[in-house]
Protein chains: 2
Amino acid sequence: MQSERIEEYLETILYLINKNKGPAKTKKIADELKVSAPSVTEMVQKLAAEGLVKYTPYYGVELTEAGAIKASKIRRKHQVLEKFLADVLGVNKTDAHKEACELEHAVSDTVLEQVCTFMGHPEICPDGNPIGQGKCCTTVEEQYPVLSEMQEGSCGIVSMIKLPPADKDRLISLGLMVGESLVVKRKQHKGSISVLTRGTEIALGNEIASKIFVKPQRMIRGRVRRRGRH
Amino acid sequence: MQSERIEEYLETILYLINKNKGPAKTKKIADELKVSAPSVTEMVQKLAAEGLVKYTPYYGVELTEAGAIKASKIRRKHQVLEKFLADVLGVNKTDAHKEACELEHAVSDTVLEQVCTFMGHPEICPDGNPIGQGKCCTTVEEQYPVLSEMQEGSCGIVSMIKLPPADKDRLISLGLMVGESLVVKRKQHKGSISVLTRGTEIALGNEIASKIFVKPQRMIRGRVRRRGRH
DNA sequence: ATATATATTTAGGGATGCCTAATTAACGGA
DNA sequence: TCCGTTAATTAGGCATCCCTAAATATATAT
């Protein structure tokens with residue numbers, strides 16, 4: 001497994017390219033990573049030798065296909081972790097960003113997906129940028145039914161809610177959030193649906209219900225096991 | 001900030017000392033860390049120079065006070081993270097252990113406490129060993145009231161449940177778990193108490209209620225904000 | 001166009017943490 | 001006790017990633 005320094009450089013290069021809409025310059029990279037310019041030149045030559053960047057001396061650094069993929073992966077890792085730290089653990093934004101920088105290199109791909117799934121595949125990072133989609137995100141979208149398509153009596157666990165924050169908050173205040181188990185009570189006219197969550201029955205219109213992805217579950221003694229019980 | 005390699009060595013040395021009830025031998029450390037024996041000798045000399053271990057050539061390595069403290073901290077980090085991975089994210093035990101090995105060096109002290117708090121200051125690691133207490137754990141115990149001491153009408157968030165797993169599970173099935181908000185409805189004779197959680201009223205005996213630590217909260221529009229809403 | 005400032009690269013080293021090979025110390029059985 | 005085996009250490013090197021100083025290329029202003 002290669003150095004986490006490579007990841008750091010790639011991530012920075014991607015960031016600078018996006019920011020300046022042009023090749024990443026040696027000095028900018030050096031400033032960003034708080035290393036000297038010669039260190040950057042050296043590392044960039046190494047990255048070029050590994051086929052991760054295209055390096056044109058005195059011009060700047062561009063990402064190759066392979067480099068861009070790697071960089072995007074790390075960026076996604078960073079964002080998912082930042083979101084997790086801020087939203088789940090309540091770390092403040094500034095710290096969350098810094099901590100995510102450290103963690104992004106230590107978290108495996110598998111665990112990252114599990115973190116993402118735990119949060120219901122969030123779409124926006126606390127820093128305001130959209131979070132890149134991962135395999136786990138598309139799997140949910142492609143393979144899990146939306147609430148409005150579920151049959152009466154079936155049950156499952158809310159896995160993703162693809163709604164704007166305001167709607168999400170409203171659902172949360174009704175007790176319907178990612179990770180929560182639910183049972184479909186009644187399907188009504190025009191796609192409306194009523195579901196049971198933790199003893200409360202909620203009625204949802206089709207526009208809402210068609211944006212809630214649910215992982216189907218078997219019923220266990222009248223109660224669906226909730227994940228994350230500690 | 002010093003190398004994460006030092007942390008790895010210290011953790012291993014602590015592990016071996018506990019396991020063999022004697023000084024950690026060079027070869028054992030080498031095997032454990034999958035490095036050569038000379039690498040161990042070298043690093044151990046460095047650790048000794050920094051006052052973290054007592055190193056007696058041909059005899060073995062012991063931890064100094066400072067080294068033991070550092071090692072215990074890392075051990076605790078590892079355990080809390082392992083618990084988190086296994087219980088919250090659902091990573092299998094073997095993987096959880098491996099992943100925790102990577103993460104333990106990247107997670108800051110602050111974030112670790114927040115992870116610990118999120119889980120309600122667990123006492124046992126999935127590996128079966130007891131988890132060392134941190135500052136956050138003792139704070140809860142010393143500063144937060146237990147449920148049985150709370151006044152009628154007061155509310156808060158369940159922060160720690162100091163009960164055996166079986167009792168915990170029973171509470172979970174009643175909807176009472178760490179992170180859940182509750183309102184004290186009625187205090188009854190002999191320390192019994194009834195609480196409202198998510199619309200359900202639960203009655204608890206004193207033995208149980210006196211082991212549930214609650215972080216007091218102000219009521220917000222009739223509903224206590226739940227942490228970790230994503 | 002040219003002088004000056006800035007960016008970049010080359011040259012030469014240093015710290016860290018790992019390795020193999022060779023040497024030396026400790027241990028256990030005949 | 002002595003010898004062979006195993007463990008530990010010393011010696012010498014390598015890869016990674018960083019640095020400063022000096023040289024060179026580029027950009028800017030007059």
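By convention in this document, chain letters (A, B, ...) are assigned in the order of the sequence lines, proteins followed by strands, and residues within each chain are numbered from 1. Quantities reported herein were computed from a predicted structural model and do not represent experimental measurements.
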Check A:Asp169, A:Leu174, A:Leu176 against A:Ile172 for a side-chain contact (heavy atoms from CB on, under 4.5 Å) and give me the one that passes. A:Asp169
Can you sort out the partners of B:Glu113 under side chain to side chain donor-acceptor pair (under 3.5 Å), two or more places apart, ordered by chain and number? B:Arg76
Which of residues 8-24 of chain B have a heavy atom under 4.0 Å from DNA chain D? none
A correct 5'-to-3' footprint of nucleotides 6-16 of chain C, with B, S and - meaning base, sugar-phosphate only and no protein heavy atom under 4.0 Å, is -SBBB-----S
Taking five pairs at each end, how big is the angle between the two axes of the helix from C:dA1-D:dT30 to C:dA30-D:dT1, to 10°? 0°
Taken in chain and number order and not counting sequence neighbours, the residues that satisfy ring-ring contact (aromatic ring centres under 6.0 Å, His included) with B:His105 are none
Sequence neighbours excluded, which residues qualify as salt bridge (charged side-chain N to carboxylate O under 4.0 Å, His left out) partners of B:Arg75? none
Salt bridge (charged side-chain N to carboxylate O under 4.0 Å, His left out) partners for B:Asp167, two or more places apart: none
Could you pull out all residues at least two apart from A:His78 that satisfy side chain to side chain donor-acceptor pair (under 3.5 Å)? A:Glu82, A:His97, A:Glu104
Taking 4.0 Å as the cut-off, does a side-chain nitrogen or oxygen of A:Ser39 come that near to OP1 or OP2 on D:dC19? yes
Tell me, which pairs form a ring pair (Phe, Tyr, Trp, His ring centres under 6.0 Å) where one or both residues lie in residues 43-65 of chain A, sequence neighbours left out? none
Please, which pairs that meet side-chain hydrogen bond (donor to acceptor under 3.5 Å, both in side chains) have at least one residue in residues 123-142 of chain B, sequence neighbours excluded? B:Glu141-B:Lys162
Salt bridge (Lys or Arg N to Asp or Glu O under 4.0 Å) contacts touching residues 19-33 of chain A (sequence neighbours left out): A:Lys27-A:Asp31
With sequence neighbours left out, what residues match A:Phe84 under ring-ring contact (aromatic ring centres under 6.0 Å, His included)? B:Phe84
Whole angstroms only, please: what is the CD1-C1' distance between B:Ile6 and C:dG17? 11 Å
